[in-house]
There are 2 protein chains.
Amino acid sequence: MDSPRVRDPERMRERILDAAQALILDHGFAATTVDAVVGRAGATKGAFFHHFGSKSELARALVERYAAMDRAHLEERLSRAEKLSSDPLQQVLLLIALYEEEFASMAEPFAGCLFASYIYEAKLFDDSTLEVLRDSTLRWRRVMREKLEKVAARYPPRREVDMESLADLFYSITEGAFIMTKTLGDKTLLGRQARHLRNYLELLFAPAETGVTPPIS
Amino acid sequence: MDSPRVRDPERMRERILDAAQALILDHGFAATTVDAVVGRAGATKGAFFHHFGSKSELARALVERYAAMDRAHLEERLSRAEKLSSDPLQQVLLLIALYEEEFASMAEPFAGCLFASYIYEAKLFDDSTLEVLRDSTLRWRRVMREKLEKVAARYPPRREVDMESLADLFYSITEGAFIMTKTLGDKTLLGRQARHLRNYLELLFAPAETGVTPPIS
DNA sequence: TGCAACATACCAACCAGTCGGTATAATGCC
DNA sequence: GGCATTATACCGACTGGTTGGTATGTTGCA
């Protein structure tokens, strides 16, 4: 009935990864047992250790999948924003707005970020796993920084800011808002925090007094 | 010489809490064993279970101590800012500047926030422990919101913002910057992120076009 | 039929918590 | 003050349950 007797190794692997991710975001990596993972995935230990050589290998595979998804997600949104406007400032603002939209349309309050989960158990992971975190963070920095430098070239910022830390603000605010969301269970929080980032950029790069765009509401 | 044969239960308790906190911020709660804690604290299992009925009881005691410290820290900085200026906007800006100073003067890149560590292992803790997280978060929100409302009453914000989410920005940016700091190991990051929050508030509440304060640099 | 994809039974290491015992400090009494 | 008595602080071997991992089977598909 419910369980198709057909074998689909790729799907099984994904099911295990999905189960592990959900459990890890609630319990952390250490407290997520292999038994619990296979239980949730509807698999067995045999299947688990067939697909992953060890629990640490699962950790790396999981974060690599997550990083790839995060990267693809950012690239997709950014290219959408770039198609919607040719002005770099508008592109950045649109990018944030797109994220706001998605946050607003989420059913549950958001489970959390795997990067943040890992970093607070950093000593449990090997360097190659932590390298994925660093790479992803630095990618965010680079992508946003390049875009912001184009913005700054066209719209001289009203305050002297370095573009690196301004780029980091995207990551910071998001991660911080994830934590608050998990703490308070308020799913509107994420979008409202992103909105402030948008406000800041609008104010910072506002071309002239009258050029301040009105709130979209 | 080195080991005083005098008994000091309070100090022993603190030593255990200190050891636990340091280990938890690196390994998470689940992976922090009682043996490791007592090892680091120079204590034994007997001492541990004399002071704490269980590992979960340690978790609660630890986060309560952390929350009290966080609260006292905020109150101290805020009252210092309030003494330095009578203008609510300046008070808020000074508060951030005080935190920037502290972040800048730290020797190590900052170990992390216990609240964030706990929230990514939330399912391991009982409600009374998680309540401490919520209370602390809501306290930050309330304190900052009250201050910001006084600011907004005197300086009409240049954009329509709700003071609640603006207040939350203090917590968000801080927590997010903690995560980035842990990921990249850059101890200047924290202060530079706080600086952007200060910029935002300055721009948002800037009294008039000419009133935009020049960068301090 | 051969091999990948599972399932099941099992193991050794580890871990939170216990317990009998010891050392030190506090208290009550003369 | 001195001393018996009690309470507190601490020690460390031990235990029962748990966990990551393995060894050995079984099943489905090319």
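Proteins come first, then strands; the chains are lettered A, B, ... in the order of their sequence lines, and each starts at number 1.
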Can you confirm whether Tyr66(A) sits close enough to Val132(A) that some side-chain heavy atom of one is under 4.5 Å from a side-chain heavy atom of the other?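 The answer is no; the side chains never approach within 4.5 Å.
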Take atom [atom1] of [X] and atom [atom2] of [N], then tell me their distance rounded to the nearest Å.
{"X": "Glu10(B)", "N": "dT8(D)", "atom1": "CD", "atom2": "P", "value": "15 Å"}
{"X": "Lys55(B)", "N": "dG17(C)", "atom1": "NZ", "atom2": "C1'", "value": "12 Å"}
{"X": "Lys45(A)", "N": "dG21(D)", "atom1": "NZ", "atom2": "P", "value": "9 Å"}

5' priority, DNA chain C, between His51(A) and Ala30(B) [closest heavy atom]
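Counting from the 5' end, the first nearest nucleotide belongs to His51(A).
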So what does Ser56(A) hit on the nucleic acid, given a heavy-atom distance under 4.0 Å: a base, only sugar-phosphate, or nothing?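 Contact class for Ser56(A): none.
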Sugar-phosphate, base or nothing in reach of Thr33(A), heavy atoms under 4.0 Å: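 Answer is sugar-phosphate: Thr33(A) comes under 4.0 Å of backbone atoms only.
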Under 3.5 Å, is there a donor on one side chain and an acceptor on the other for Thr33(A) and Asp35(A)?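 No donor-acceptor contact under 3.5 Å links the two side chains.
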Requested in this report: Hey, could you give me each pair passing side chain to side chain donor-acceptor pair (under 3.5 Å) that has a residue in residues 182-192 of chain B? Not counting sequence neighbours.
Outcome: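 Listed by first then second residue: Asp162(A)-Arg192(B), Glu164(A)-Arg192(B), Asp186(B)-Thr188(B), Thr188(B)-Arg192(B).
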>> I want to verify a distance call: between dA5(C), dG21(D), dG17(C), whose nearest atom is closest to the Phe49(B) side chain?
In response: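 Nearest to the side chain of Phe49(B) among the choices is dG17(C).
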Does a side-chain N or O of His50(B) approach OP1 or OP2 of dA9(D) to a distance below 4.0 Å, or not?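 Yes, His50(B) has a side-chain N/O under 4.0 Å of OP1/OP2 on dA9(D).
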Please list every donor-acceptor pair under 3.5 Å in which a side-chain atom of residues 113-123 of chain A meets a protein atom from a residue at least two apart or in another chain.
unit_1	atom_1	unit_2	atom_2	d
Tyr118(A)	OH	Ala59(A)	O	2.8
Tyr120(A)	OH	Cys113(B)	N	3.0
Glu121(A)	OE1	Phe29(A)	N	2.7
Glu121(A)	OE2	Phe29(A)	N	3.3
Glu121(A)	OE2	Ala30(A)	N	3.1
Lys123(A)	NZ	Asp26(B)	OD2	3.2

